[in-house]
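Because the structure is predicted, anything quoted here is derived from the model rather than measured.
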Amino acid sequence: MTQAPANYFTHLECSETGERYAADQPHNLSEAGKPLLARYDLGTLKSETDRDAIWARGGGFWKWRELLPVADKAHVCALGELDTPLIDVPATGRASGATGKVWVKDEGRLPTGSFKARGLALAVAMAHQYGLKRLAMPTNGNAGAALSAYASRMGMESWCFAPEDTPEANLREMALQGAKVFKVNGFIHHCGALVGAGKAEMGWFDVSTLKEPYRIEGKKTMGLELAAQLGWRVPDAIFYPTGGGTGLIGMWKAFDEMEQLGWIGSERPKMYAVQAEGCAPIVKAYEDGARHAEEWLDAKTAAMGIRVPKAIGDFLILDAVRQSGGAALAVSETAIETARTRCAREDGLLLCPEGAATLAAMEKAMGDGLLARDAECVLFNCGSGLKYAMPDGAVALDRHGDVDWDAM
């Protein structure tokens, strides 16, 4: 019988004040109202583990158990997780003006078709470990799908509150997988307010982005996985579609932990937080030199996953971007759709709108001189492009009539 991985999770820490919190009970935000970060005994972990032995395991992101908080295998909720591929897109890169290697990390291959599986699997697992039965969250679509799937897998109840214009495929996916789904006349932060308002009466635990500590831990596995796939090094630049920013924050945390473990060196990729022009609070704060972002009013973009007018982890996103020498970039709806079409037609890879935004942002960064054209870039395609509306390019053909072959 295979021995379960050792657990090195020690405590939680306020991301703003550094105050410690016990790991043996559920927490939302710190007393300062800021996200909590999981900490580990990295010294002992370093002496007792081997990075290549961990990487050789199966199980997708669950292979990193030593760097995750879940202690008992009984709380691991698995739905066939795998390591998402790094896909070279040479024709797309050339068409975008890049001369270096351009990779797409295709997170759409995960259960429920998006990178939200990483964070929600960990949030649900820890909620299960703490004996929680009811979970609730605001969602723009993919997060709710992941919550509903993993909660049902573990015999738990879930409530999802989504803006009324959330893609119908997402809403139906949540409901079919067991969630109680509500369409709200507002944006995701308005949905979040409803989750908070119902907490006392409904008795649910809030698993909103960064309002519990473990979605970051799931998302940081993107950084662990990426470094391992590249032979224990990091690329020159990472372009990440940024709404709540959990993944960007998580990867930055992962790079720091890996350096402390001796798995990678001190090099860091330039981190580019990518937003749409119609909802760009992080970009505005970055350009203004501010550490916190003001709420973006009247947010509009077809890339629903990055339509987040107010992010509670804004300062953590901005810290990572600035420390890395990257930037926060906004791209237009036209640029997003052009990028989505280009990657599909040039390299046969279907991006979701949020993933296409990262391609548009890479082109912008290179065009504006922020990044060398020969840089090795990783673009995060955060969800399956099959979940989103696509243009109708089919032409009707009457099999009984004369076929005009020359017109084809």
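A side-chain donor from one of D52 and W232 sits under 3.5 Å from a side-chain acceptor of the other. A donor-acceptor pair shorter than 3.5 Å can be found between the side chains of K199 and N28. Inspection of the Q323 and W252 side chains reveals an N or O donor paired with an N or O acceptor under 3.5 Å. Judged by distance alone, the side chains of E217 and Y40 do bring a donor and an acceptor atom under 3.5 Å apart. If you check the side chains of E107 and T84, you find a donor sitting under 3.5 Å from an acceptor.
Within 6.0 Å of CZ on R345 lie no more than 12 heavy atoms contributed by other residues, nucleotides or ligands. Atom CZ of R233 has more than 12 neighbouring heavy atoms from other residues, nucleotides or ligands inside a 6.0 Å radius. Remark: K183 NZ is loosely packed, at most 12 non-hydrogen atoms of other residues, nucleotides or ligands lying under 6.0 Å away. More than 12 heavy atoms of other residues, nucleotides or ligands sit less than 6.0 Å from atom CD of E48.
Ion pairing between a basic and an acidic side chain is recognised when a charged N comes within 4.0 Å of a carboxylate O; D106 and R109 show such pairing.
Checked options F380, Y286, F239; the residue passing with Y272 is F239 (criterion: ring pair (Phe, Tyr, Trp, His ring centres under 6.0 Å)).
Using a 30° and 60° split on the angle between ring planes, H189 and F187 fall in the parallel class, below 30°.
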E376/W103 under side-chain hydrogen bond (donor to acceptor under 3.5 Å, both in side chains): CA gap, chis, key distance, verdict: CA-CA 8 Å; E376 181 183 33; W103 303 99; 3.0 Å; yes
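Distance check: K364 NZ to S96 OG gives 14.0 Å after rounding to the nearest 0.5 Å.
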